[in-house]
Enquirer: 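Submitted below is the structure of interest, expressed as structure tokens.
Letters A, B, ... are given to chains in the order of the sequence lines, protein chains preceding strands, and every chain is numbered from 1. Predicted model, so just to flag it, every value in this text is computed and none were measured.
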There are 2 protein chains.
Amino acid sequence: MTQSAENYFISYIKENGLSMTPQRKIIVETFLETEGHFSAEHLHDLVRSKVPDVGQATIYRTLKLLLDSGLADTIETGDGGALYEHAYGHDHHDHLICVHCNRKIEIFDETIEARQEEVAKQHDFKLTRHRMYLYGICPDCSG
Amino acid sequence: MTQSAENYFISYIKENGLSMTPQRKIIVETFLETEGHFSAEHLHDLVRSKVPDVGQATIYRTLKLLLDSGLADTIETGDGGALYEHAYGHDHHDHLICVHCNRKIEIFDETIEARQEEVAKQHDFKLTRHRMYLYGICPDCSG
DNA sequence: GTGTTTGCAAACACTTTGCATCCAA
DNA sequence: TTGGATGCAAAGTGTTTGCAAACAC
């Protein structure tokens with residue numbers, strides 16, 4: 001799947017008249033092989049451990065491409081930052097976040113999704129996307 | 001209600017060994033008489049139109065007190081900023097946001113709220129709060 | 001070749017903090 | 001009187017941008 005995701009990115013690049021550079025390649029590969037939710041800075045560190053001279057601006061610019069292409073998604077941390085995660089081949093989900101240890105669990109609830117559509121319809125809105133964050137205390141932290 | 005909200009703030013201040021200063025008074029009053037969702041900067045402007053020499057740090061510090069006391073709540077704008085709104089005497093709600101005109105509609109759905117609790121329980125989380133933003137195109141913008 | 005991409009550093013937007021002074025209780 | 005509060009300016013944080021040099025196609 002990682003391979004097809006990379007191909008997907010290459011297609012996206014070509015379709016938009018952009019170039020596939022070594023920097024973009026290493027960033028995308030590192031992104032794809034990194035599981036979970038991570039910051040731009042963390043991705044930058046991972047990339048630099050392979051290719052030391054990649055600038056942070058390139059990380060941000062490439063993450064933007066990953067978002068636009070649909071390969072990546074973000075979680076807003078609430079304090080002005082963002083975390084990134086894989087979106088390609090992953091179904092939509094929301095997050096349940098432990099306010100103590102910051103653990104993030106992916107959740108999905110059909111009833112909620114359906115009601116979101118319904119609520120939007122009640123207001124004549126065309127729903128394009130949504131974000132839902134549930135904050136609480138996880139079992140490990142409440143013991 | 002505005003009056004009781006102000007009294008509520010005064011109680012909060014006293015209970016925490018803090019002082020009620022003229023700056024805090026004018027900021028809280030201005031906050032309470034301003035409806036809708038507004039930025040710290042906008043509140044600062046409104047306050048300065050009455051008392052010109054209130055510093056922005058005092059705005060932020062007082063907004064923090066308003067959040068802690070439960071009088072205010074925030075909406076994260078997603079680009080690192082925040083908007084503030086009244087929370088005192090207002091039931092919990094979420095937001096439906098037009099991605100074109102930025103209009104924000106307050107929404108509440110019991111089914112969603114119930115399912116959120118249910119989902120948290122499934123993962124043995126004690127839910128403390130949540131945020132849900134629905135993004136779409138409002139009827140005025142889709143015409 | 002030529003338009004895109006890069007790294008760097010500076011700029012950004014929003015918020016927080018250090019500090020000397022000031023003030024409420 | 002004295003611990004908290006203020007205004008100012010500087011610092012911080014995460015992200016974006018201007019630019020000249022470098023590169024992909």
Side-chain angles (χ1 to χ4, degrees), chain A residues 9-31 37-48 50-69 72-85 102, chain B residues 6 9-31 37-48 50-69 72-84 102:
Chain A
F9 184 74
I10 294 171
S11 305
Y12 174 82
I13 286 289
K14 298 204 165 149
E15 279 164 21
N16 288 277
L18 306 174
S19 314
M20 193 58 183
T21 65
Q23 289 92 334
R24 284 188 180 155
K25 190 165 197 303
I26 193 73
I27 291 168
V28 170
E29 283 174 4
T30 305
F31 170 81
H37 315 95
F38 45 87
S39 65
E41 189 192 356
H42 182 61
L43 181 61
H44 191 196
D45 289 343
L46 293 173
V47 167
R48 268 190 301 195
K50 302 175 184 171
V51 181
D53 54 351
V54 175
Q56 68 170 173
T58 303
I59 298 288
Y60 280 106
R61 289 188 274 232
T62 305
L63 278 170
K64 196 161 198 308
L65 294 176
L66 285 165
L67 291 172
D68 290 347
S69 72
D73 199 1
T74 56
I75 311 174
E76 290 146 25
T77 57
D79 61 339
L83 300 179
Y84 298 83
E85 66 179 2
N102 220 22
Chain B
E6 188 169 341
F9 184 74
I10 294 171
S11 303
Y12 174 83
I13 286 290
K14 297 203 164 148
E15 279 164 19
N16 289 276
L18 307 174
S19 313
M20 193 57 183
T21 65
Q23 288 93 334
R24 283 187 181 155
K25 191 165 197 302
I26 192 72
I27 292 169
V28 169
E29 283 174 3
T30 305
F31 170 81
H37 315 96
F38 45 88
S39 65
E41 189 191 358
H42 181 62
L43 181 61
H44 191 196
D45 289 341
L46 293 173
V47 167
R48 269 190 300 195
K50 302 175 184 172
V51 182
D53 54 350
V54 175
Q56 68 169 171
T58 303
I59 298 288
Y60 281 106
R61 287 188 275 231
T62 306
L63 277 170
K64 195 161 200 307
L65 293 177
L66 285 164
L67 291 172
D68 291 347
S69 72
D73 199 1
T74 56
I75 311 175
E76 290 145 25
T77 56
D79 61 338
L83 300 179
Y84 297 82
N102 220 21

Enquirer: Both distances below 3.5 Å, Watson-Crick or wobble geometry, any strand: find the nucleotide opposite D:dC25.
Expert: C:dG1
Enquirer: Applying a 4.0 Å non-hydrogen cut-off, can you work out what A:Pro22 is touching in the nucleic acid: base, sugar-phosphate, or nothing?
Expert: sugar-phosphate
Enquirer: Have a look at A:Asp53 and say if it touches a base, only the backbone sugar-phosphate, or nothing, with a 4.0 Å heavy-atom cut-off.
Expert: sugar-phosphate
Enquirer: Of all the heavy-atom pairs spanning A:Glu85 and A:Phe31, show the shortest one and how long it is.
Expert: O-CZ, 3.6 Å
Enquirer: Starting from P on D:dG14, measure out to NE2 on A:His44 and report it in whole angstrom.
Expert: 14 Å
Enquirer: Does B:Arg61 reach a base, just sugar-phosphate, or nothing at all? Heavy atoms under 4.0 Å.
Expert: base
Enquirer: Between B:Gly17 and B:Thr58, who's closer to the 5' end of DNA chain D by nearest nucleotide?
Expert: B:Gly17
Enquirer: Rounded to whole Å, please give me the gap between CD1 in B:Ile26 and P in D:dG7.
Expert: 12 Å
Enquirer: Kindly indicate, with the supporting measurements, whether the criterion side-chain hydrogen bond (donor to acceptor under 3.5 Å, both in side chains) is fulfilled by A:His44 and A:Gln56.
Expert: CA-CA 6 Å; A:His44 191 196; A:Gln56 68 170 173; 4.8 Å; no
Enquirer: Quickly work out the B:Ile13 CD1 to D:dG4 P distance and round it to whole Å.
Expert: 13 Å
Enquirer: Closest to the B:Gln56 side chain: C:dT5, C:dT15, D:dA5?
Expert: C:dT15
Enquirer: Nearest whole Å is fine: how far is C:dC8 P from A:Arg48 CZ?
Expert: 9 Å
Enquirer: Taking for each residue the nucleotide of DNA chain D with the nearest heavy atom, is it B:Val54 or A:Tyr84 whose nucleotide lies nearer the 5' end?
Expert: B:Val54
Enquirer: If you only use heavy atoms from C-beta on, which nucleotide in C:dT6, C:dC14, D:dG4 is closest to the side chain of B:Ser19?
Expert: D:dG4
Enquirer: Please give, in whole Å, the distance from D:dA24 P to A:Lys25 NZ?
Expert: 13 Å
Enquirer: Separation of A:Gln23 atom CD from C:dC8 atom P, in whole Å?
Expert: 11 Å
Enquirer: Among the nucleotides C:dT4, D:dG7, C:dT15, which one has an atom lying closest to any side-chain atom of A:Leu18?
Expert: C:dT4
Enquirer: Counting only side-chain nitrogens and oxygens, does B:Arg24 get under 4.0 Å of the OP1 or OP2 atom of D:dG4?
Expert: no
Enquirer: Quick check: do A:Ile13 and A:Ile10 have side-chain heavy atoms less than 4.5 Å from each other?
Expert: no
Enquirer: C:dT4 P sits how many Å from A:Lys14 NZ, rounded?
Expert: 17 Å
Enquirer: Begin with the C-alpha distance, continue with both residues' side-chain angles, and end with the deciding distance and a verdict on salt bridge (charged side-chain N to carboxylate O under 4.0 Å, His left out) for B:Glu6 and B:Lys25.
Expert: CA-CA 8 Å; B:Glu6 188 169 341; B:Lys25 191 165 197 302; 3.5 Å; yes
Enquirer: Below the 4.0 Å mark, does C:dA24 have OP1 or OP2 next to a side-chain nitrogen or oxygen of B:Thr21?
Expert: no
Enquirer: Donor-acceptor check, side chain of A:Thr58 to backbone of A:Val54, threshold 3.5 angstrom: yes or no?
Expert: no
Enquirer: How many Å lie between CD1 on A:Ile10 and P on D:dA24, as a whole number?
Expert: 14 Å
Enquirer: On the nucleotide C:dT16, are OP1 or OP2 found under 4.0 Å from the side-chain N or O atoms that B:Tyr60 carries?
Expert: no
